[in-house]
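Have a look at the structure below before the remarks.
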Number of protein chains: 4
Amino acid sequence: MTGRQKIGLVGGTGYAGAELLRLLSAHPEAEIAAVTSRSAAGTPVADAYPQLRGVVDLAFSTPDEGGLESCDVVFFATPHAAAMHDVPRLLDAGVRVIDLSADFRLRDAELWAQWYNTEHAAPELIERAVYGLPELGRREAIAAADLVACPGCYPTAILLGFKPLVDAGVVDLDRLIADAKTGVSGAGMKLAPGFLFAEATDSFKAYGVAGHRHLPEIRQFLGELARREVGLTFVPHLVPMVRGIHATLYASLTENADLQQLYEQAYADEPFVDVLAAGGTPETRHVRATNMCRLAVHRPQAGDQAVVLSTIDNLVKGAAGQAVQCFNLMIGAPETCGLTATAPVP
Amino acid sequence: MTGRQKIGLVGGTGYAGAELLRLLSAHPEAEIAAVTSRSAAGTPVADAYPQLRGVVDLAFSTPDEGGLESCDVVFFATPHAAAMHDVPRLLDAGVRVIDLSADFRLRDAELWAQWYNTEHAAPELIERAVYGLPELGRREAIAAADLVACPGCYPTAILLGFKPLVDAGVVDLDRLIADAKTGVSGAGMKLAPGFLFAEATDSFKAYGVAGHRHLPEIRQFLGELARREVGLTFVPHLVPMVRGIHATLYASLTENADLQQLYEQAYADEPFVDVLAAGGTPETRHVRATNMCRLAVHRPQAGDQAVVLSTIDNLVKGAAGQAVQCFNLMIGAPETCGLTATAPVP
Amino acid sequence: MTGRQKIGLVGGTGYAGAELLRLLSAHPEAEIAAVTSRSAAGTPVADAYPQLRGVVDLAFSTPDEGGLESCDVVFFATPHAAAMHDVPRLLDAGVRVIDLSADFRLRDAELWAQWYNTEHAAPELIERAVYGLPELGRREAIAAADLVACPGCYPTAILLGFKPLVDAGVVDLDRLIADAKTGVSGAGMKLAPGFLFAEATDSFKAYGVAGHRHLPEIRQFLGELARREVGLTFVPHLVPMVRGIHATLYASLTENADLQQLYEQAYADEPFVDVLAAGGTPETRHVRATNMCRLAVHRPQAGDQAVVLSTIDNLVKGAAGQAVQCFNLMIGAPETCGLTATAPVP
Amino acid sequence: MTGRQKIGLVGGTGYAGAELLRLLSAHPEAEIAAVTSRSAAGTPVADAYPQLRGVVDLAFSTPDEGGLESCDVVFFATPHAAAMHDVPRLLDAGVRVIDLSADFRLRDAELWAQWYNTEHAAPELIERAVYGLPELGRREAIAAADLVACPGCYPTAILLGFKPLVDAGVVDLDRLIADAKTGVSGAGMKLAPGFLFAEATDSFKAYGVAGHRHLPEIRQFLGELARREVGLTFVPHLVPMVRGIHATLYASLTENADLQQLYEQAYADEPFVDVLAAGGTPETRHVRATNMCRLAVHRPQAGDQAVVLSTIDNLVKGAAGQAVQCFNLMIGAPETCGLTATAPVP
């Protein structure tokens, strides 16, 4: 490293963008050079995010005038089907890209088109993209990458939760179940009635039961871990809270195993995965605003059902924090750089 | 019926007690004659529950001075291991009893002792008690009973959710999964740190994974429906909301079935079970403060996994409302009497 | 009364409309004949409000096809500047109108135009409209009216709170202060970022400090009570809750007075105003989903400052419930008919 | 500074204690040496606060065994009437003390005894204690102090809000009004029914209207600013949120003044006070988990009433953060050291 990295951020007006600004503005190796937003161009960033008053002094620029090509690293915090149009130009200009959107997560452009209802604009880049979940055993690939596709929030919690069981080969891979719960910030700043305070508070519901866009992503990487296709039922739910994902995972054991030991060993060296003591039940508030994944594994009544409880902050380990973790790997900084804050509780 | 029923309420200071007072004070066939509480004796009920100012004019009495023996029907809204001491005396006095606690739900006194950590004080009454879940096909028994054991909140949501599948014999009964979520009022007015606003809000967690007291109750009645033992994994979770249970139920289909039709037919005549149209996702707020159970059944990606979403208000259909429903059956009133209010939404 | 009143509801897709449907569907003297909504025409009402499944079987109609002219009473739960266009036609057809919007509250069409940024379309009807706050001493006028202008939510809480002090002439009328707090449902189903769960929860702020539209309404009726102009500072705030208004009112005493007695006497005969015992502090949850206003009056450290705490449910006593109260007066039904439900607490 | 300061924390099991641990564990000049708690002695700190897993490795010790005398600085985060017993011993041992409790805030031991219902155990130290609100113009005194009495949360928000008006001498000092709202964490981890989630959520109420313990503290320091006695009405309210205070302050202007300019100038050099642009309305979430006070000043309808909106995080600027700010002054570190984190929003 020679000096701070010049950072560009595309799509700075959503929650993942705000979280990137919070993390990168305090990161010793980063210098935020441009924050783009077509809708907010010209507005000071701190007007949109009063919490950044005195911290970020830039105004939003348009993607064209933003000088993104002269950045070292550009983060995309855009809705899907945006980054795929702009990334090729930036890669050609020698800029490294960290994409928080879904554009380069699926290996199969056809499958992508089917789940995202549009043709993929840069299918030739899919293979070049490295999936940005370091704990999946791809740190070197991330470090060397010029295009990182950061995982979705649900896939992060669910893949980290299932990985030790799948690696150990002790569960029935045809009938995995992921009953997942998310805070409302998972939907971004979406102006739909269901996300109004008066509609979302003090209630609980499932959604997307027929098929959520994170399903093929989870299946793809569970399949890579297992080296075969897996059967997964994935039911997401909406919790009246802001941040946090809690995935409750069910798998039938096909052979005996010391699950506690399995998880502790699997994650012994991971700075961002914390396996609770036997019997523990992680709470999303204890990972709030942090890059930690806290996990517990249970085997109720000593039966043949494994139950894994996996918690993350969807905006940090599920989005902006994981992107910064990948950024650290890419620039050769310590992996935890800028990511060590403790959750403010209560 | 000749005139209003004289009603006694034992344990009137908890949430189920408050809810009974709300429902019974507006019930055309009920006259609240005594509300007992050792800790609050002498205090006007409306001081404890300002929402009842001008509605309930009684003061709490002690159970002894309360004149319970001269009531027609006595409701117990006590913690477990209380009713079993007082019920025998009341039955001897010719009083009919509706017990909202766990004391007479399990058929096996040994099993009860094991889960509730104390000897059962009245095992001879267990057989006499009728389980108060009318939709389980026991309306006549409830109507004739002098001791009704009202179901727990989780069992209500889960049994109503699984019943059509079990009745139809189309699922693998060895691997049922109930991933259940409750609002905090399920714990009653428990003064434990975890139920403080600052601790419970804006977070999500599982609890009781090793074994919740509702597990043997659910297993017992699923077993009665199936006429065999069933395997059930039951994981309860705490949601930062006040009222409501949402049970997400998973079962592997062993044969093909039109699940939507199955559920619609099963509950066609039930006034308090509402099967949503195909693809629906019930929300707990839509059953808030009502005696309704709203259900949806799904079969994601047309696979072999059935997913049932079952919602109730834990304090109404899961406690006080179900007790009033049983009361109506017992006194020959219309089953919906006093239970027709619509949920205030938002 | 001869038979149920045929009721029309214009603007049935907002929160006040939903609340009117909840109240009127259970009202023994009302028969809902038409619910209009341009945006939702053709949709079953119960699809928009699942809580009304099995309760309201109508579909939304357009205002034109709705048959409003053949109704006995039509309620308007529209945004401002809508009713004023349609009311003249209905009055000409002999229909009585209860308008929950702001269109006919201000006596001065110029002032109205200034605060609502549009010309008044029916200034000739302003004088004909009766302000629908029965406790302000206008029951006979309401009973005889064919056009009732229901008060805003803040005005209801604040006028009921100040009335005894103003009537008694014991406070400095030049420096009244109303520090008011509302739940988010006060904004209706407004799709603005500030009302998203993730933005509104776990935070508190003032808004509209420079001038809220309810200010001229409150001033006008305080002035009528006082028979002179009054000086009022009114600062509204947004609370992370759904329903409820809590107005904290400050007035300097100009002469000694027994404030507790003053309030108890003033409201002794009012079915919907409940004065708490000395020292009490009303909570909005205790009036939730009810038509009650609960009040307390304080004089801290026996000084010369009166502090009044006034609570209502903004959607009931502050909107739909008050409209039904007026409806009862208009049709000669008992004033509390259909309005006696107790708040579900917790 | 020569090396890190050895820090002791007495009363580490409350919210202010937890917040001190969060801030001090990341503070470059602090080394946490002892955390005492009689009730939790022997328990690892991270068991009580799972968010500190991997961050704080100490166990709670008893105050006696804790080695507090060998610390450089000891923080007290105890309930009132505890520190006053232990502070003399520590001062004698040459330890500097930062007391977050109320013990040394009031100048008058009689007044203290009256409001806190117990005799003061160390009245001789009252004069020695420096009030730890740096923005009140006492930085040098704090830097030199060996006993700092940190302000209460309400006094911090209210004194910072009123200071420019009082300093400028432009308001009627006999009729100040502070209508204050706090999140529930202000009560600490108090196990009282009113702080349960089910009781505190979705509701709003005033409390302590007759007299809150922060009243004499606010009056004392307003009096010091004004060099005369002031008249203040102070009404606190409880908001269903975790952190945050919003004080809405009312004062009658006695002469004309450019309030916006007044506030901007008064706080131009303060790192922790942020005056919003004219017309602004601060939100508590924008100061969440930070040491900032965000303020706005209004003059509605250009009348003679000043309205100040003052927001802080009660656990940070209102407690632990302010204590760390004083600590920085005492050890000669930059005043903002360890206090620069941005609020995680949403």
Side-chain angles (χ1 to χ4, degrees), chain C residues 172 174-175 177 179 181-183 194 196-212 215 231-235 237-246 248 250 252 279-288 296 298-307 309 311 345-346, chain D residues 172 174-175 177 179 181-183 194 196-212 215 231-235 237-246 248 250 252 279-288 296 298-307 309 311 345-346:
Chain C
D172 177 355
D174 290 325
R175 297 182 181 285
I177 290 175
D179 188 290
K181 299 89 174 173
T182 188
L196 290 175
F197 181 91
E199 304 283 320
T201 195
D202 210 31
S203 194
F204 188 90
K205 66 172 176 182
Y207 69 100
V209 185
H212 184 286
L215 177 62
L232 173 71
T233 301
F234 167 48
V235 180
H237 301 76
L238 192 67
V239 183
M241 64 180 181
V242 178
R243 293 166 178 244
I245 283 182
H246 184 293
T248 311
Y250 300 89
S252 293
T281 48
E283 311 181 24
T284 59
R285 65 187 178 130
H286 292 135
V287 296
R288 185 191 298 149
H298 290 255
R299 195 170 162 178
Q301 286 93 48
D304 66 356
Q305 195 71 246
V307 177
L309 314 172
T311 58
V345 175
Chain D
D172 177 356
D174 289 326
R175 297 184 181 283
I177 290 174
D179 188 288
K181 300 88 174 172
T182 188
L196 290 174
F197 181 90
E199 304 282 320
T201 195
D202 210 29
S203 194
F204 188 91
K205 67 171 175 183
Y207 69 100
V209 184
H212 185 283
L215 176 61
L232 173 70
T233 300
F234 168 47
V235 180
H237 302 75
L238 192 66
V239 183
M241 66 180 179
V242 178
R243 292 165 177 245
I245 283 182
H246 185 292
T248 310
Y250 299 89
S252 294
T281 48
E283 310 182 27
T284 60
R285 63 187 180 131
H286 292 136
V287 296
R288 186 191 296 150
H298 291 255
R299 194 170 165 178
Q301 286 93 48
D304 67 355
Q305 195 71 246
V307 177
L309 314 173
T311 58
V345 174

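None of the values given here were measured: they were computed from a predicted structure. In what follows, chains carry the letters A, B, and so on, assigned in the order in which the sequence lines appear, proteins first and then strands, with residues in each chain numbered from 1.
Of the residues considered (Gly280(C), Ala302(C), Gly279(C), Ser252(C)), Ser252(C) shows the highest number of contacts with chain D, using heavy-atom pairs under 4.5 Å. In terms of heavy-atom pairs under 4.5 angstrom with chain D, the leader among Leu238(C), Ile177(C), Ile245(C) is Ile177(C).
Looking only at side-chain heavy atoms (C-beta outward), Thr281(C) and Val209(D) come within less than 4.5 Å of each other.
The distance from atom CD of Gln305(D) to atom CZ of Phe234(C), rounded to the nearest 0.5 Å, is 14.5 Å. Remark: Thr201(D) OG1 to Leu196(D) CG distance equals 11.5 Å, nearest 0.5 Å. Atom-to-atom distance recorded for Thr182(C):OG1 and His246(C):NE2 is 12.5 Å, nearest 0.5 angstrom. Atoms CG and CZ, on Asp202(D) and Arg285(C) in that order, are 10.5 Å from each other to the nearest 0.5 Å.
Take Ser203(C) and apply the side chain to side chain donor-acceptor pair (under 3.5 Å) test, not counting sequence neighbours, and it matches Thr284(D). Listed by chain and number, the residues in a salt bridge (charged side-chain N to carboxylate O under 4.0 Å, His left out) with Arg175(D) are Asp304(C) (sequence neighbours excluded).
In this structure, the portion of Ala210(C) lying under 4.5 Å from any heavy atom of chain D is its backbone and not its side chain. Contacts between His237(C) and chain D at a heavy-atom distance below 4.5 Å involve the side chain alone, from C-beta outward. Of the atoms belonging to Glu283(C), heavy atoms from both backbone and side chain fall under 4.5 Å from chain D. In this structure, the portion of Tyr250(C) lying under 4.5 Å from any heavy atom of chain D is its side chain and not its backbone. Looking at Arg288(C), only its side chain comes within 4.5 Å of chain D, counting heavy atoms on both sides. Proximity to chain D (any heavy atom under 4.5 Å) is shown, for Pro240(C), by both the backbone and the side chain. Both the backbone and the side chain of Val242(C) come within less than 4.5 Å of a heavy atom of chain D. Interface remark: Leu215(C) contributes side-chain atoms only to the contact with chain D (heavy atom separation under 4.5 Å). Residue contact with chain D, scored on non-hydrogen atoms closer than 4.5 Å, involves the side chain of Val239(C) exclusively.
A side-chain N or O of Thr248(D) and one of Lys181(D) form a donor-acceptor pair less than 3.5 Å apart.
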